[in-house]
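The structure appears below as structure tokens.
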Amino acid sequence: MNTLKGIAAAPGIAMGKILAVDSEELLVPKRTIAENEIPLEVLRFEEALIHTRHQILEIQKRLAQDLGQEHAEIFNAHLLVLEDQSLREEIIHGLKKDHLNVEVVFNEVVRRHLKAFSRTNDEYLRERTADIEDVRKRILRNLLGKTGDQVPQVLKEPVIIVAHDLSPSETAQMHKRHVLAFVTEIGGRTSHTAIMAKSLEIPAVVGLAGAIELLQKGHQVIVDGSKGDVILDPDPETIERYRLEQRRQQEINRQLLQLKHLAAETLDHHHVHLSSNIELPEEVPSVIAHGAAGIGLYRTEFLYMNRSGFPTEEEQYRAYRSVLEQMAPNPVVIRTMDLGGDKFISPMHLPEMNPFMGWRGIRFSLARPDIFRTQLRAILRASVHGKVKMMFPLVSGVEEVQRAKEILAEVRQEMDRESVPMAPIEVGAMMEVPSAAITSDLIAPEVDFFSIGTNDLIQYSLAVDRVNEKIAHLYEPTHPAVLRLIEQVIASAHANKIPVAMCGEMAGEPTMTLLLLGMGIDELSTSPVQLPLVKRVIRAVEYSYAKTVAEQAMKLKSSKEVETFLLASLRQVAPDLVE
Ligand code: PEP
Ligand code: MG
């Protein structure tokens, strides 16, 4: 038995067998072939080459349209690899010599070349290795009939997935595939992969270096997503202990769910609007089950992922309408697509040096008004089916908000002319870029509400990448710089008589509740599972206590001091939650 330590990403305990999927390396099955199968393998290879060529040409076409010819030309090098006659000859020679399936032969040949290239002093050849590696993976995927997803479509039994990395879009499909839990080698607590796991209630541990090597296929493990622990080959006593813990957690959750119909207000009736975040419409039943008074953040970008092409107006309208109808009369804040960062859609997003500082959120929407307008039309059409609000992600200043509002007004006019029924909707801005928080007084008059996205606000203000496990210890929600920015945003909102919400993961941390409540936050939007915990804290205190906690916390000098102080303050009112 061995306990491995990673980063706690999504709570819950799971026990089961490991299935390792390696994003860095595709699993290639080895098979001996007969002499008369060789022409068939050559044919399969030729077909994979043609298929890959079509895919690359398609990517080039779209890139040329969207970003210009010079970006498309990057892929010329990939095409050259496909046309390389000597590669073809080597494969045929290898097939005849080894009598193995073409995937194995191809992989070996290319790997040999890559090795030689990486050792050479010729800089041009060295630089080509990345292109060749990319083409190798594409061809291999085509040979193996893969569509780009590492997690198998059909699992024979429920398993715990171990991967180098998983994309948010891959995680979004897991609940349909009976995945018990997952462990990744890289990633941080507020990566969208972790957020998605929490939403789907899949226990997860991220940032566990060397996980693939340490956790081999078939091993029995326990994943404790609340602590970030992975226990390898547990003994019977440990299994029993975790079974008991699982039951204890289920009992606590059952008790917390009894708060469902109770108001989110302090002992002296100060009310906070408690809502939930969703990524997919399928999450709405869980939102309702946990007693949320609305949806404070609907991350619509997931509609654009796991598919080819963009969702149509009609498709989006149906998704928004279904969420609104299920939640009515409670409000639903639809955030316009926040594509980019760790939620990219290839081939729209070329690899960027700094994707989180790149073509993301409202920047992408303003650069692609055609895609943006389709979404705005769908939201406006859905507005008659419930109480919808709209907000823009990643704004960095007032001009972006003004421009987005102009486009919205144009779309509304256009739809008015078409006599499409629409309801008036409130428009808000996310406060997640420090420049927006600092100029929140200038932005507030332009909008009906603010929503603080702490996941990004923390990464940008502290310069700590939210998905990088190496610096996860520096990702500190209680850093005085973060608290001051939050204070500033709340002050700007209230000076302009607009409400301010928080929808980052910080909003769902019970340790932060007293602080945020005392700072005057009007709404907290959390993942559904966290919501009852936050409600518990709110209901346990007088508003004046929370205000004193906030005042004291703002005077402290370091994250550690604030954290210790907040834990002690919470212990006073809800000792069981500190356990
Ligand atoms: C945030 O940044 O806090 C936020 C809620 O948005 P996302 O996590 O989707 O970036
Ligand atoms: Mg964000």
Side-chain angles (χ1 to χ4, degrees), residues 9-10 167-169 171-172 187-200 206 275-280 283 292 294-305 332-345 349 354-365 389-396 400 428-437 440 449-468 475-477 479 482-483 485-486 489 500-509 512 516 521 523-528 530-531 534:
S167 66
S169 58
T171 312
R189 213 157 48 86
T190 63
S191 67
H192 284 99
T193 299
I195 290 172
M196 183 53 99
K198 217 187 259 178
S199 295
L200 298 175
V206 299
S275 53
S276 270
N277 299 346
I278 62 163
E279 288 73 37
L280 308 166
E283 292 164 41
I295 287 176
L297 166 63
Y298 177 5
R299 291 184 165 98
T300 58
E301 51 278 6
F302 284 89
L303 272 169
Y304 295 73
M305 298 158 84
V332 175
V333 181
I334 300 185
R335 173 174 78 180
T336 60
M337 60 193 157
D338 183 15
L339 290 164
D342 60 350
K343 292 171 296 191
F344 46 84
I345 40 170
H349 288 92
N354 287 307
F356 273 114
M357 297 208 200
W359 208 35
R360 191 192 158 189
I362 198 69
R363 303 167 183 183
F364 178 85
S365 297
K389 299 182 185 189
M390 180 192 295
M391 69 179 175
F392 304 124
L394 212 85
V395 301
S396 37
E400 281 170 336
M430 284 195 72
M431 289 290 122
E432 50 183 352
V433 179
S435 59
S440 51
F449 66 94
F450 278 157
S451 187
I452 306 175
T454 48
N455 302 337
D456 280 313
L457 190 63
I458 297 167
Q459 80 162 341
Y460 295 130
S461 56
L462 304 183
V464 176
D465 181 348
R466 64 194 265 193
V467 302
N468 187 338
Y475 189 91
E476 294 170 320
H479 194 293
V482 176
L483 302 190
L485 287 171
I486 295 172
V489 172
V500 54
M502 178 177 286
C503 62
E505 292 304 287
M506 188 173 174
E509 290 289 336
M512 303 294 156
L516 299 171
I521 203 88
E523 172 175 347
L524 293 168
S525 190
T526 77
S527 66
Q530 298 296 110
L531 188 135
V534 173

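Start at 1 and go down the list; that is how both ligands and their atoms are numbered.
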Inset, instruction - Taking the side chain as every heavy atom from C-beta outward, state whether Asp456 and Arg466 have any pair of such atoms under 4.5 Å apart. - result: yes

Inset, instruction - Check whether any side-chain heavy atom of Glu400 sits under 4.5 Å from a side-chain heavy atom of Phe392, and report yes or no. - result: no

Legend entry - Tyr475 side chain vs Asn455 backbone, donor-acceptor pair below 3.5 Å: yes

Inset, instruction - With the side chain counted from C-beta on, respond yes when Ser525 and Ile295 share a heavy-atom pair under 4.5 Å apart, and no when they do not. - result: no

Inset, instruction - State the atoms of ligand 1, each with its element, that fall below the 4.0 Å cut-off from a heavy-atom position in Asp456. - result: 1 (C), 2 (O), 3 (O), 10 (O)

Inset, instruction - Test Asp338 against every option in His192, Arg299, Arg360 by the side chain to side chain donor-acceptor pair (under 3.5 Å) rule and name the one that passes. - result: Arg360

Legend entry - Those atoms of ligand 1 less than 4.0 Å from some heavy atom in Gly453: 1 (C), 2 (O), 3 (O)

Legend entry - Proximity of Leu297 to ligand 1 by residue part, where a heavy atom lies under 4.0 Å: side chain

Legend entry - Region of Lys343 that comes within reach of ligand 1 [heavy atoms, distance under 4.0 Å]: side chain

Inset, instruction - Specify the protein heavy atom at minimum distance from atom 7 (P) of ligand 1: its residue, its atom name, and the distance to 0.1 Å. - result: His192 NE2, 3.0 Å

Inset, instruction - Look at ligand 1 and say whether Glu279 reaches it with a heavy atom at a distance under 4.0 Å. - result: no

Inset, instruction - Ignoring hydrogens and angles, state whether a donor on the side chain of Thr190 or Glu505 is under 3.5 Å from an acceptor on the partner side chain. - result: no

Inset, instruction - Examine ligand 1 and decide if any of its atoms is less than 4.0 Å from a heavy atom belonging to Arg360. - result: yes

Inset, instruction - Could you list the atoms of ligand 1 found under 4.0 angstrom from a heavy atom of Arg299? - result: 4 (C), 5 (C), 6 (O), 7 (P), 8 (O), 9 (O)

Legend entry - Side chains of Val489 and Leu457 in contact at under 4.5 Å (non-hydrogen atoms): no

Inset, instruction - Using 2.8 Å as the cut-off, count the protein N, O or S atoms closer than that to the Mg ion (ligand 2). - result: 2

Inset, instruction - Look only at interatomic distance and state if Asn455 has a nitrogen or oxygen under 3.5 Å from any nitrogen or oxygen of ligand 1. - result: yes

Legend entry - Pairwise side-chain contact, Met502 with Leu524, heavy-atom cut-off 4.5 Å (strictly under): yes

Inset, instruction - Flag the pair Pro477 / Glu509 as yes when at least one side-chain heavy-atom distance between them is below 4.5 Å, and no otherwise. - result: no

Legend entry - Validation row: Met196, Phe302 side chains within 4.5 angstrom (heavy atoms): yes

Legend entry - ligand 1 atoms in contact with Cys503 (distance to a heavy atom under 4.0 Å): 5 (C)

Inset, instruction - Mark yes or no for whether Thr300, through its side chain, and Arg335, through its backbone, hold a donor-acceptor pair below 3.5 Å. - result: yes

Legend entry - Protein contact to atom 6 (O) of ligand 1 [nearest heavy atom, distance to 0.1 Å]: Arg335 NH1, 2.9 Å

Legend entry - Interfacing atoms of ligand 1 (cut-off 4.0 Å, heavy-atom, Met430): 4 (C), 5 (C), 6 (O)

Legend entry - Heavy-atom side-chain proximity of Gln459 to Asp465 below 4.5 angstrom: yes

Legend entry - Selection from Glu432, Arg466, Met506 by shortest heavy-atom distance to atom 8 (O) of ligand 1: Arg466

